[in-house]
Amino acid sequence: MNIQEIIQELKRGVAEIIDMERIEFLIKRFYDKNENFYVKIGLDPTAPDLHLGHTVVLQKMAFLQKHGAIIQFLIGDFTAQIGDPSGKSETRKKLDVKTVLKNAKTYEEQVFKILDSSKTEIKFNSNWINDIGASGMIELASTFSVARMLEREDFTKRFKSGISISISEFLYPLLQGYDSVEMKSDIEMGGTDQKFNLLMGRTLQRIYNIGKEQAIIMMPLLEGLDGVNKMSKSLGNYIGITEDPNTMYGKLLSISDDLMWRYYELLSEKSISQIQEIKNGVKNGNIHPKNAKEALALEITSKYHGEKAANLAKIEFDNVHSKNEIPTEIQSFTIKENPVWIVKALVECKMCATNSEARRKIAENAVSINQSKISDDKMELNAGEYVLQIGKKSFAKLKVV
């Protein structure tokens with residue numbers, strides 16, 4: 001790839017870039033003089049599991065590693081104890097040090113599924129923030145006014161609504177920006193919701209006169225399985241990178257045809273031209289949308305679990321959903337009640353949350369026993385073994401004794 005092709009691929013899927021000229025200079029310098037540059041990503045270890053939404057930024061960083069970047073993966077063990085207020089409508093709860101360090105270790109293990117560990121530096125911001133001292137903190141706080149802080153949309157909304165904003169939350173973007181001063185980052189990356197904080201690093205590098213101002217690359221927030229809201233564990237529309245291959249593959253196949261192209265753009269390692277070929281094939285009827293989606297699901301599942309596991313997940317999915325076969329691995333339950341009411345059995349096997357839901361599923365003709373549909377919500381199961389099924393995805397083995 002020449003420099004312009006690299007830049008074109010870099011821009012793919014990006015929401016906004018600030019100082020593109022500097023980024024081009026850094027990449028060109030690497031190819032001309034073999035000089036690396038430093039790209040910062042900061043994550044507060046507030047939750048131990050990464051999902052595909054987090055990987056949008058990480059994959060772009062992995063691309064930059066191929067073209068001269070040393071990734072500065074900053075674990076905000078100090079700032080996590082304050083809590084990032086970005087996008088929050090209220091003050092976030094602080095995390096204790098033990099939880100922060102436990103989550104940080106899990107993050108380290110997960111990011112190297114994507115990043116090249118030999119071109120990554122793991123850093124903790126407590127290493128320098130603990131040494132700032134009271135005078136250093138006051139000096140840092142004096143670089144920005146309250147009025148400037150209130151330019152942040154989330155702060156403005158909370159202020160106008162009379163919702164409390166703690167002084168520590170004003171310190172958060174300052175401390176994130178100061179990380180860029182200490183690390184002397186050339187580029188910082190993050191989501192579009194982080195723009196204020198990312199610009200803070202650029203501003204503070206200038207104020208502290210370190211001889212550079214970091215460029216900024218902002219990635220969009222990936223939509224979850226619903227295709228509407230951003231991917232989030234709390235919304236239940238996520239695909240975790242540590243989820244088992246069968247679950248990951250199945251979830252990827254559940255996305256809409258329109259959302260598929262968004263995932264191709266932000267998650268696939270195929271080139272722009274390769275993705276365009278697939279698009280054209282679907283458009284002119286040479287490629288079925290389901291086949292395009294299967295290729296995407298296989299690629300992403302292979303990335304995190306290996307090609308063999310991904311292919312087995314596809315076979316399992318096809319057996320269950322296309323051939324109407326029973327999965328090879330099903331959770332088993334035993335109920336010591338003979339006979340047992342079918343509604344109770346569905347709840348006890350964790351297939352339905354309530355009796356009402358179980359009755360509704362039976363009325364919808366969604367429940368099968370040993371692959372035969374049932375319609376009687378008063379049915380009782382005598383001693384024996386059964387395979388319970390709701391729809392195409394939910395199975396349980398039940399032993400009644």
Margin query: Under a plain distance cut-off of 3.5 Å, with no hydrogens placed, do S180 and E188 share a side-chain donor-acceptor pair?
Written below: yes

Notebook entry, point to check: Are any of the side-chain nitrogens in K270 or E277 under 4.0 Å away from the carboxylate oxygens of its partner?
Noted result: no

Item checked: Sidechain N-carboxylate O distance under 4.0 Å for K314, D318 -> yes

Check: Q205 and E213: side-chain donor and acceptor closer than 3.5 Å?
Finding: no

Item checked: With sequence neighbours excluded, residues passing side chain to side chain donor-acceptor pair (under 3.5 Å) with E5 -> none

Next item on the list: Before accepting this row, confirm whether a basic side-chain N of the pair K251/E243 lies closer than 4.0 Å to the acidic partner's carboxylate O.
Entry: yes

Next item on the list: Determine the interplanar angle of the Y31 and H67 rings, folded into 0 to 90°, and report it as parallel if under 30°, tilted if 30 to 60°, perpendicular if over 60°.
Entry: tilted

Item checked: Heavy atoms from other residues, nucleotides or ligands near NZ of K230 exceed 12 (cutoff 6.0 Å) -> no

Note to self: Counting only heavy atoms from other residues, nucleotides and ligands, does the tally under 6.0 Å from NZ of K373 exceed 12?
What the structure shows: yes

Margin query: Is it true that, when you exclude K212 itself, more than 12 heavy atoms of the residues, nucleotides or ligands shown sit nearer than 6.0 Å to its NZ?
Written below: yes

Notebook entry, point to check: More than 12 non-hydrogen atoms from neighbouring residues, nucleotides or ligands closer than 6.0 Å to CD on E35, yes or no?
Noted result: yes

Check: Distance only, no hydrogens: is a donor on one side chain within 3.5 Å (strictly under) of an acceptor on the other, for S271 and S273?
Finding: yes

Checklist line | Under-4.0 Å salt bridge between D19 and R202 | finding: yes

Note to self: Tell me whether E269 is salt-bridged to K303, with the criterion being a basic N under 4.0 Å from an acidic carboxylate O.
What the structure shows: yes

Notebook entry, point to check: Would you call R12 and E265 a salt bridge, using N to O less than 4.0 angstrom?
Noted result: no

Check: With a 3.5 Å cut-off and no angle check, do the side chains of T192 and E16 form a donor-acceptor pair?
Finding: no

Item checked: Sequence neighbours excluded, every pair satisfying side chain to side chain donor-acceptor pair (under 3.5 Å) that has a member inside residues 129-140 -> none

Notebook entry, point to check: What heavy-atom pair brings L346 and A358 nearest, and what distance separates the two atoms?
Noted result: CD1-CB, 3.9 Å

Item checked: By side chain to side chain donor-acceptor pair (under 3.5 Å) - contacts of R359 (at least two apart) -> none

Margin query: Can a side-chain donor-acceptor contact be found between N197 and Q194 if the only test is distance below 3.5 angstrom?
Written below: yes

Next item on the list: Decide, yes or no, whether a salt bridge links K290 with E294 under the criterion of side-chain N to carboxylate O below 4.0 Å.
Entry: yes

Checklist line | F73 ring center within less than 6.0 Å of Y107 ring center | finding: no

Check: Do K293's NZ or CZ and the ring of Y263 fall within the cation-pi criteria of under 6.0 Å and 45°?
Finding: no

